[in-house]
> 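Once you've had a glance at the structure underneath, I'll fire off some questions.
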Amino acid sequence: MSAPAASDRQRIESLRADIERHNYQYYALDAPLISDAEYDRLFRELQTLEAGHPELVSPDSPTQRIGSAPLAGFETVKHRVSMLSLNNAFDEEEVTAFDRRMREALVTERIDYAAEPKFDGLAVSLCYEHGVLAHGATRGDGESGEDVTANLRTVRAIPLRLAGRNPPVLLEVRGEVVMLRADFEQLNQAQRAKGEKEFVNPRNAAAGALRQLDSRITSTRKLAFFAYGLGAAEGAPAFGTHSALLDYLAECRFPVAKERKVVTGVDGMLEYYRAIGGKRAGLPYDIDGVVYKVNDLAGQRELGFVSRAPRYAVAHKFPAEEAMSEIIAIDVQVGRTGALTPVARLKPVFVGGVTVTNATLHNEDEIRRKDIRIHDTVVVRRAGDVIPEVVRVINDKRPAQAPVFEMPAACPVCGSAVQRLEDESVARCTAGLYCPAQRKQALLHFASRRAMDIEGLGDKLVEQLVDNNIVKTSADLYELDVAALAGLERMAEKSAANVVAAIAKSRRTTLARFIFALGIRNVGERTAADLARAFGDLEPLLQADEQMLQQVPDVGPVVAQSIAQFFAEPHNRDVVGQLLAAGVSFERTPRAANVSSRMSGRTFVLTGALPNLSRDEAKERIEAKGGRVTGSVSKKTDFVVVGADPGSKYDKAVELGITVLDEEGLQELLKE
DNA sequence: GATCCTCGAGTTCT
DNA sequence: CTCGAGGATC
């Protein structure tokens, strides 16, 4: 083919720039400069020109937003900077408390907050390399999400290329993908016309569109996007405030909430909340509250994080939508530990965007407290907009014969005695693993993703395996073959082979997962990891008495007793033996190899400013070597790392005779 | 003994 | 997500 005429190339470039500018006008500013027909004309002209010059087609051309062939599945990608969740405030008091914490921590009288609406959509991270959209991923668990780049490229509100001449080397833009209400209505109308299932709310419609393996389908769903923050960045300008950062994102042509505002103090926040609340019904998108962030970024850095949420921000949620329904019955479920949980079966009711039919009533006390009876009319909402909850009873509507709920004296599944310990609120079935319900739950727990991670071993299959007496203990799983699964419902040869393969694959695991999978009472993921780290291998853990167990951080008398009791039970020892015999094996926990490095399992306390390392960096490095960092000095502390101007922690360390290190000493330890 | 923080366990719906 | 409970600290 002949070299493209210079004029064609120029025209293509100018068309691309025009189209992206109109996208921006339309999606970010909501102020189109041209009609849809004119837009379509530009678009078709570009398509025609590109068709004539395939060598000029580049991934950042607007014509490339139409989607591409379906994927087999989504890849998992790790976020460079984790995507955190926000702490919630549900009333003015909690907002006031938030402001007080901020003022105390930053030692100032009044604080400016960047306030913005909280979109009810899906958080995503967009990664721009040298100004070009390279990857996009869902939030996932915050650490890693699904690579939905192909789908995000079809969202016209998302720039394929950053505006401006000198784009940063790397810019991770965080924001929310939503479906505008009008587009949602249209989509459902179309679904109705086609006789297909309607979407229940804009959020689900957006989620469905984003999870399409075929991005051509995504491109037909109208999705919007609003940016609200940054993840990793290299070569980006430095900002002093969150609002300046948002201005920058707007300059890069990202849609940013028009309702954003900088407010001062509690009064400012509450006034903003009320104003947005008043506008809520008229907004083009669904929101579930507003977000306040300390505007000053230096302040944000100083405040840091608590567990998985930033300390400097809070989501002020609107009150959850409530609806009335009727309790048809109260059933009792049996959990893994034998806990009997009453569950209200409700007349289906649409609330908070979904149809609710069940709601947990937690325990007997809760039912008494709220005086909930069978056949009562009740107010239902979704707590935190997720878990259905019975708020209260409408007393006027109580029928004459409304039976009071009684916790059964016998397990509804196995008929064994039910016991409720004096100072506990839960009633439990006493049969342990003799109770089929507990056995099923134990197997499901064993197979769960964070334990042995056996894919395909779900509740339907476990149900059949236990009911047909094919599997009694977790060790029996490793005896299964395709023949044993044949004949079960929904178990054709293919799926049976998959399950057998998944079970085989699970043999190789880690000590921490294995301990967690055993399902010892009071031993969750975290404690299992602590135990694995402290004992390094299974054998010493089996031998440990309660005293030794209590030496492990966060293990007190109760947890120690649970563990000792579990391993004292001959049946449990047998199962563990059978699992090992079946070939379950684990690498020695990597951290265990570091025991000699003197850091693993040791507790550190930091005090004073270190010359080179920030607090967070020091913490990160100590944890990377298996150490733990806690807030205050006690006799369980192993090392106190002292910087400039140490506080009382230093005195306490001297008093208790704890090893004191300076930064250099810490670096020495880290090097070992 | 009070209080803060974190972990464990149970639960819903798509 | 929420509650309850265990552990650690003041």
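We name chains A, B, ... by the order of the sequence lines, and we start the count at 1 in each one. Heavy atoms only: backbone and side chains are in, while hydrogens, waters and symmetry mates are out.
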> Can you tell me the distance, in whole Å, between the CG atom of D365(A) and the P atom of dG4(C)?
9 Å

> If you compare every side-chain N and O of T337(A) against the phosphate oxygens of dG8(B) (OP1, OP2), does one of them come in below 4.0 Å?
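Result: no.
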
> Take the protein atom CG of L444(A) and the nucleotide atom C1' of dA9(B), then report the distance between them rounded to whole Å.
14 Å

> If you only use heavy atoms from C-beta on, which nucleotide in dG8(B), dG7(C), dG4(C) is closest to the side chain of R369(A)?
dG4(C)

> Measure from the side chain of V559(A), starting at C-beta and using heavy atoms only, and say which of dA9(B), dG7(C), dT14(B) lies closest.
dG7(C)

> For Q551(A) and dG7(C), what is the distance between atoms CD and P respectively, to the nearest whole Å?
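For the pair Q551(A) CD and dG7(C) P, the rounded distance is 13 Å.
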
> Checking contacts here: which listed nucleotide (dG4(C), dA8(C), dG8(B)) is nearest the side-chain heavy atoms of D554(A)?
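So the nucleotide nearest the side chain must be dA8(C).
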
> Does Q333(A) have a side-chain nitrogen or oxygen under 4.0 Å from the phosphate oxygens OP1 or OP2 of dG10(B)?
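Answer is no, no contact under 4.0 Å.
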
> Counting the atoms with a prime plus P, OP1 and OP2 as sugar-phosphate, which does E366(A) contact under 4.0 Å by heavy atoms, base, sugar-phosphate, or nothing?
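E366(A): no heavy atom of the nucleic acid under 4.0 Å.
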
> Looking only at side-chain N and O atoms, does T357(A) come under 4.0 Å of OP1 or OP2 in dC13(B)?
yes

> Once you round it to whole Å, what is the distance between P of dG4(C) and CZ of R521(A)?
17 Å

> How is V356(A) classified with respect to the nucleic acid when contacts are heavy atoms under 4.0 Å: base, sugar-phosphate, or nothing?
sugar-phosphate

> How far apart are the closest heavy atoms of E94(A) and A89(A), and which atoms are they?
OE1-CA, 3.1 Å

> Check every atom of dC7(B), dT14(B), dA9(B) against the side chain of R526(A) and return the nucleotide holding the closest atom.
dC7(B)

> Take G335(A) and N358(A), find for each the nucleotide of DNA chain B with the closest heavy atom, and name the residue whose nucleotide sits nearer the 5' end.
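Per heavy-atom nearest nucleotide, the more 5' residue is G335(A).
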
> Atom NE2 of H445(A) and atom C1' of dG8(B): how far apart are they, to the nearest Å?
10 Å

> Are side-chain heavy atoms of V380(A) and L346(A) found at a separation under 4.5 Å?
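They are in contact (side-chain heavy atoms under 4.5 Å apart), so the answer is yes.
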
> Residues two or more places apart in sequence or in another chain: which of them pass side chain to side chain contact (heavy atoms under 4.5 Å, CB included) with V379(A)?
E322(A), M324(A), V391(A), R392(A), I394(A)

> Would you mind telling me which of dT6(B), dA9(B), dG7(C) lies closest to the side-chain atoms of V558(A)?
dG7(C)

> How is V343(A) classified with respect to the nucleic acid when contacts are heavy atoms under 4.0 Å: base, sugar-phosphate, or nothing?
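Sugar-phosphate contact only - V343(A) comes under 4.0 Å of backbone atoms but never of a base.
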
> Measure from CG on N522(A) to P on dA5(C) and round the result to the nearest Å.
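Distance, rounded to whole Å: 11 Å.
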
> Is there a side-chain contact between Y285(A) and R181(A) (heavy atoms, below 4.5 Å)?
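A side-chain contact under 4.5 Å is absent here.
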
> Please determine whether a side-chain nitrogen or oxygen atom of T360(A) lies at a distance below 4.0 Å from atom OP1 or OP2 of dT12(B).
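T360(A) to dT12(B) OP1/OP2: no side-chain N or O under 4.0 Å.
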
> Can you tell me how far P of dG8(B) sits from CD of Q441(A), to the nearest Å?
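About 18 Å, once rounded to whole Å.
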
> How about M407(A) and E364(A): do any of their side-chain heavy atoms sit closer than 4.5 Å?
yes

> For the pair made of NE2 in H362(A) and C1' in dC1(C), what is the distance, rounded to whole Å?
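It is 10 Å, rounded to the nearest whole Å.
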
> Hey, do the aromatic rings of H445(A) and F516(A) have their centres closer than 6.0 Å?
yes

> Please classify the nucleic acid contact of E525(A) as base, sugar-phosphate, or nothing, using heavy-atom distances under 4.0 Å.
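The residue E525(A) makes sugar-phosphate contact but no base contact.
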
